[in-house]
> 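Dropping the structure in here first, questions after.
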Amino acid sequence: MEAYTQQVITVIQEIPTGTVATYGQIARLAGNPRAARQVARILHSMSQKYDLPWHRVVNAKGEIVIGDPEIAFTQTALLSEEGIEVSEKGKVHLSKYQWNPRDHDSDWMYG
DNA sequence: TTGATGACATAGC
DNA sequence: CGCTATGCCATCA
């Protein structure tokens, strides 16, 4: 278990209910902006070893592009449980449900 | 260690 | 908005 992996897992667990985060976003918060792929890899691998809220993780477009329809369906269902609206194609309104990680660390530059 | 893989992101057309 | 090409690097065999 590398520090980065542990970090990614921590970040994912930081995702509040009712919101979704993108791989790139998690990767950045984890410290590796280029490791967006590894986030996916970590989910796929670790989610079956740890209890990660992987369902709150989507791609940069907010779509559920998972290969297995079962998993995609599960994610859609879970997101629905969180109160998140999901399109027929498994798309989510990032502008409405994307996680705003300013709570993670007060390093915001909008104000 | 080496080689191959992948639940993605970003840039150009 | 969709397709093509490249980068990036942890995980698995």
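All values derive from a computational prediction rather than experimental measurement. Residue numbers start from 1 in every chain, and the chains themselves are labelled A, B, ... in the order their sequence lines are given, proteins ahead of strands.
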> To the nearest Å, how far apart are A:Ile12 CD1 and B:dC8 P?
13 Å

> What heavy-atom pair brings A:Thr22 and A:Gln98 nearest, and what distance separates the two atoms?
CG2-NE2, 3.3 Å

> Calculate the interatomic distance between A:Arg34 atom CZ and B:dT10 atom C1'; express it in whole Å.
9 Å

> Taking the nucleotide of DNA chain C with the nearest heavy atom to each, does A:Met46 or A:Lys91 sit closer to the 5' end?
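Here A:Lys91 is the residue nearer the 5' end.
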
> Quick one: which of B:dA7, B:dT10, B:dC8 gets closest to the side chain of A:Ser47?
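The answer is B:dA7.
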
> Rounded to the Å, how far apart are A:Ile26 CD1 and B:dA9 P?
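Atom-to-atom, A:Ile26 to B:dA9, this comes out as 10 Å.
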
> CG of A:Leu43 versus P of B:dA7: gap in Å, rounded?
11 Å

> Answer yes or no: is there a donor N or O on one side and an acceptor on the other, between the side chain of A:Glu81 and the main chain of A:Ala77, under 3.5 Å?
no

> Enumerate donor-acceptor pairs with a distance under 3.5 Å from any side-chain N or O in residues 89-96 of chain A to protein atoms, sequence neighbours excluded.
none

> Quick one: how far along DNA chain C does chain A reach, first to last nucleotide 5' to 3', anything under 4.0 Å to a heavy atom?
C:dG7 to C:dC12

> Hey, can you pull the donor-acceptor pairs under 3.5 Å for the side chains in residues 31-38 of chain A, sequence neighbours left out?
none

> When we call it a touch if two heavy atoms are under 4.0 Å apart, what does A:Ile64 touch: a base, just sugar-phosphate, or nothing?
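Nothing, no nucleic acid heavy atom in range.
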
> Taking CH2 from A:Trp54 and C1' from B:dC8, how many angstroms apart are they, rounded to a whole number?
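Going from CH2 in A:Trp54 over to C1' in B:dC8 covers 16 Å.
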
> Out of curiosity, A:Trp99 CH2 to A:Leu29 CG, how far, rounded to the nearest 0.5 Å?
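Output value for this atom pair is 5.0 Å.
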
> Does A:Ala60 reach a base, just sugar-phosphate, or nothing at all? Heavy atoms under 4.0 Å.
sugar-phosphate

> Are the side chain of A:Ser80 and the backbone of A:Thr76 linked by a donor-acceptor contact shorter than 3.5 Å?
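It does not hold such a pair.
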
> Taking atom C1' of B:dA9 as reference, at what distance in whole Å does atom CD of A:Gln25 sit?
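Value for this atom pair: 13 Å.
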
> Round to the nearest Å and state the distance from A:Arg37 atom CZ to B:dT5 atom P.
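A:Arg37 atom CZ is separated from B:dT5 atom P by 12 Å.
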
> Among A:Val20, A:Ile15, A:Val8, which residue satisfies the side-chain contact (heavy atoms from CB on, under 4.5 Å) criterion with A:Val57?
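In the set A:Val20, A:Ile15, A:Val8, the residue that makes a side-chain contact (heavy atoms from CB on, under 4.5 Å) with A:Val57 is A:Ile15.
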
> Assign each of A:Gln38 and A:Lys49 to its nearest nucleotide of DNA chain C by heavy atoms, then name whichever residue's nucleotide is nearer the 5' end.
A:Gln38

> Take the protein atom OH of A:Tyr23 and the nucleotide atom P of B:dC8, then report the distance between them rounded to whole Å.
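Rounded to the whole Å, the gap is 6 Å.
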
